[in-house]
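Numbers restart at 1 for each chain; the letters A, B, ... are given by sequence-line order, proteins then strands. These numbers come from a predicted model, not from an experiment. All values below were derived from every heavy atom in this structure, side-chain atoms included, with hydrogens, water molecules and symmetry-related copies excluded.
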Protein chains: 2
Amino acid sequence: MFIETEGRFVTGDTPKSPRKRQARGRKRMAELLDAAAEVFAERGFTGATTNAIAARAGASPGTLYQFFENKEAIAESLMARYVERLREAHGAAFAPEVAKLPLDRMLDRVIDPLIAFDRAHPAFYALLADPDLSPELAGAKRPAQRVMFERIDAILEARAPDLPPAKRALTAQVAVHLFRGLLPLVMDATDDLPEVTAELKRALHAYLAPAIGEGPPE
Amino acid sequence: MFIETEGRFVTGDTPKSPRKRQARGRKRMAELLDAAAEVFAERGFTGATTNAIAARAGASPGTLYQFFENKEAIAESLMARYVERLREAHGAAFAPEVAKLPLDRMLDRVIDPLIAFDRAHPAFYALLADPDLSPELAGAKRPAQRVMFERIDAILEARAPDLPPAKRALTAQVAVHLFRGLLPLVMDATDDLPEVTAELKRALHAYLAPAIGEGPPE
DNA sequence: TTTAAATGCGAGCAACTGCTCGCGTTTTCA
DNA sequence: TGAAAACGCGAGCAGTTGCTCGCATTTAAA
């Protein structure tokens, strides 16, 4: 029926019978993903070694490959986990009511949790920012990009219903990239995080205000 | 006295005697850098193979390593070359007079050549965007970042002399990152390049206008 | 012309890395 | 309880990659 961890279908091939994971096995997978997050955050995707990930999790390479087809699959699973956590943790930031807030309030509600998430999960940022894996891991990155894009697009639709969809999509994409452009500053910030955050909001506010207005739509 | 291609000094060690390059040798170096630019653009830094670079230049690995200490040095030389070209080609975009233009004109003068340069030199973008090499190649990336930062900072100083230096530096850095954030869209754009460019300018205009005003300082 | 330095080659080394395979242990389930 | 399945190990394979080394050729200087 289905395959765990994004199993892929090969032409003319029935999907491999899904392996029945025991509680112990699922725990190991989680541990391996935790370890992978650490190593990816430290060395990036290409710099990370599957042996190192296994060792970090206190497991052997053989064990790792019992749960993940290959290195790429590890990153994919990790990204899937992040996307899931992002949805559940910050779906509230994009609740319908948010679209009715004044622009500055809205930005607070959207930006603050996102920054907190990125800073709490450096591997998420490392994988997203790494262009090496674009061809192979595009499939893993895309959902994460989608999450942000779609929700911002939805907010824009609520705020500026008259904006043509193409223009709205462009605006949403630009907004996402503006945010991501400042992420390096946000990630490196220490004492000056509040200032950098304020500047990020200022930039987004300035860009979005002409398109959707300062206040809520009447 | 000095060492070619960013020779480094090791503690308690006299710099290696600089090698006297012949015209033939300098030409080979240029060819190798051209080849490196192609391969870096196609595969990124880690994905690029020194053997592939040598082959692309019609040279052997041994020849390559006669001119470059190691793979990292290739990227460093290439970045140095780009920084030099950037300075000479677009120094005009940052001429003193530019600071006296209205903001939108100023952005045209600064942004258009930068976009043209980035699109003409994909390896430049590939190396700048690649986070893998951050630790090792930070030294090679920094000058490139500096070029943009310092000049924008200079413009800001001319336009808003009353802005505290710390605040001005932050604004300049944010502006650079906003630009870089939209670079992926700019690089991938085909038909819609004009729209993306316009959006980039819109964003920068909106962010900078409050700080330095629409028109030239009186 | 002589000679030392610069250029050039390419087989191949040493190290690394993703991943496998054989085998032993633990858990599930009938 | 017994077998099948899941879990676990780690030595090590196969492939890759940055880089070297011995040697040949070309060029610059004396």
Side-chain angles (χ1 to χ4, degrees), chain A residues 3-5 7-8 16-33 35-36 39-40 42-78 130 132-133 135-137, chain B residues 3-5 7-8 16-33 35-36 39-40 42-78 130 132-133 135-137:
Chain A
I3 300 191
E4 282 183 274
T5 70
R8 54 198 41 161
K16 288 167 273 184
S17 73
R19 193 163 185 166
K20 253 190 282 182
R21 301 282 177 212
Q22 304 177 349
R24 180 173 41 140
R26 286 194 296 274
K27 190 178 171 188
R28 255 289 201 244
M29 278 186 72
E31 290 167 358
L32 286 164
L33 284 184
V39 180
F40 283 149
E42 290 167 9
R43 329 263 301 223
F45 178 75
T46 42
T49 289
T50 55
N51 288 5
I53 294 174
R56 183 76 63 104
S60 74
T63 297
L64 187 155
Y65 281 94
Q66 195 159 38
F67 298 101
F68 301 98
E69 262 200 2
N70 49 40
K71 187 181 178 182
E72 187 188 330
I74 303 172
E76 277 172 17
S77 283
L78 188 59
D130 202 326
D132 270 8
L133 25 80
E136 312 91 355
L137 268 189
Chain B
I3 301 191
E4 282 184 275
T5 70
R8 53 198 40 158
K16 285 166 276 186
S17 71
R19 192 164 188 168
K20 250 190 286 181
R21 301 282 177 212
Q22 305 178 347
R24 182 173 43 138
R26 285 194 297 275
K27 191 179 170 187
R28 254 293 199 241
M29 280 187 70
E31 290 168 357
L32 285 164
L33 285 185
V39 180
F40 284 149
E42 290 167 9
R43 330 261 304 220
F45 178 76
T46 42
T49 289
T50 55
N51 287 6
I53 293 174
R56 182 76 63 108
S60 74
T63 298
L64 187 155
Y65 281 94
Q66 196 158 34
F67 297 102
F68 301 98
E69 262 199 1
N70 49 40
K71 188 181 178 182
E72 186 187 332
I74 304 173
E76 276 172 18
S77 283
L78 188 58
D130 201 328
D132 271 5
L133 26 79
E136 313 92 357
L137 267 189

Report the distance from atom [atom1] of [X] to atom [atom2] of [N], rounded to the nearest whole Å.
{"X": "B:Phe67", "N": "D:dC19", "atom1": "CZ", "atom2": "P", "answer": "17 Å"}
{"X": "A:Lys20", "N": "D:dA5", "atom1": "NZ", "atom2": "P", "answer": "9 Å"}
{"X": "B:Glu72", "N": "D:dT17", "atom1": "CD", "atom2": "C1'", "answer": "16 Å"}
{"X": "B:Leu64", "N": "D:dC21", "atom1": "CG", "atom2": "C1'", "answer": "16 Å"}
{"X": "B:Gln22", "N": "D:dA28", "atom1": "CD", "atom2": "C1'", "answer": "7 Å"}
{"X": "B:Ile53", "N": "D:dC19", "atom1": "CD1", "atom2": "P", "answer": "10 Å"}
{"X": "B:Glu69", "N": "D:dT20", "atom1": "CD", "atom2": "C1'", "answer": "14 Å"}
{"X": "A:Gln66", "N": "D:dC7", "atom1": "CD", "atom2": "P", "answer": "6 Å"}

[X] vs [N]: side-chain N/O to OP1/OP2 distance below 4.0 Å:
{"X": "A:Arg24", "N": "C:dT25", "answer": "no"}
{"X": "A:Lys71", "N": "C:dG18", "answer": "yes"}
{"X": "A:Ser60", "N": "D:dG10", "answer": "no"}
{"X": "B:Tyr65", "N": "D:dC19", "answer": "yes"}
{"X": "B:Arg28", "N": "C:dA6", "answer": "no"}
{"X": "B:Arg26", "N": "C:dA6", "answer": "no"}
{"X": "A:Arg19", "N": "D:dC7", "answer": "yes"}

- Query: Quick one: which of D:dG10, C:dG18, D:dC7 gets closest to the side chain of A:Pro61?
  - Reply: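 The closest nucleotide is D:dG10.
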
Give me the atom names and distance for the closest heavy-atom approach of [X] to [Y].
{"X": "B:Ala57", "Y": "B:Glu31", "value": "CB-O, 3.9 Å"}
{"X": "B:Ile53", "Y": "B:Ile74", "value": "CD1-CD1, 4.5 Å"}
{"X": "B:Lys71", "Y": "B:Phe45", "value": "NZ-O, 2.9 Å"}
{"X": "A:Ser77", "Y": "A:Phe68", "value": "OG-CE2, 3.7 Å"}

- Task: Look at all strands and tell whether B:Gly62 reaches a base, only sugar-phosphate, or nothing, counting heavy atoms closer than 4.0 Å.
- Result: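 It contacts base atoms.
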
- Item | DNA chain D: 5'-proximal contact among B:Ala48 and A:Gly25 (nearest heavy atom) |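 Comparing both residues, the 5'-ward one is A:Gly25.
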
- By nearest nucleotide on DNA chain D, pick out whichever of A:Asn51 and A:Ala59 is the more 5' one.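 The residue mapped nearer the 5' terminus is A:Ala59.
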
- Query: Can you tell me how far the CZ atom of B:Arg21 sits from the CZ atom of B:Arg28, to the nearest 0.5 Å?
  - Reply: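 One finds 12.5 Å between CZ of B:Arg21 and CZ of B:Arg28.
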
- Message: Pick the closest DNA chain C nucleotide for A:Thr49 and for B:Thr63 by heavy atoms, then say which residue is nearer the 5' end.
- Response: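 The residue closer to the strand's 5' end, by nearest nucleotide, is B:Thr63.
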
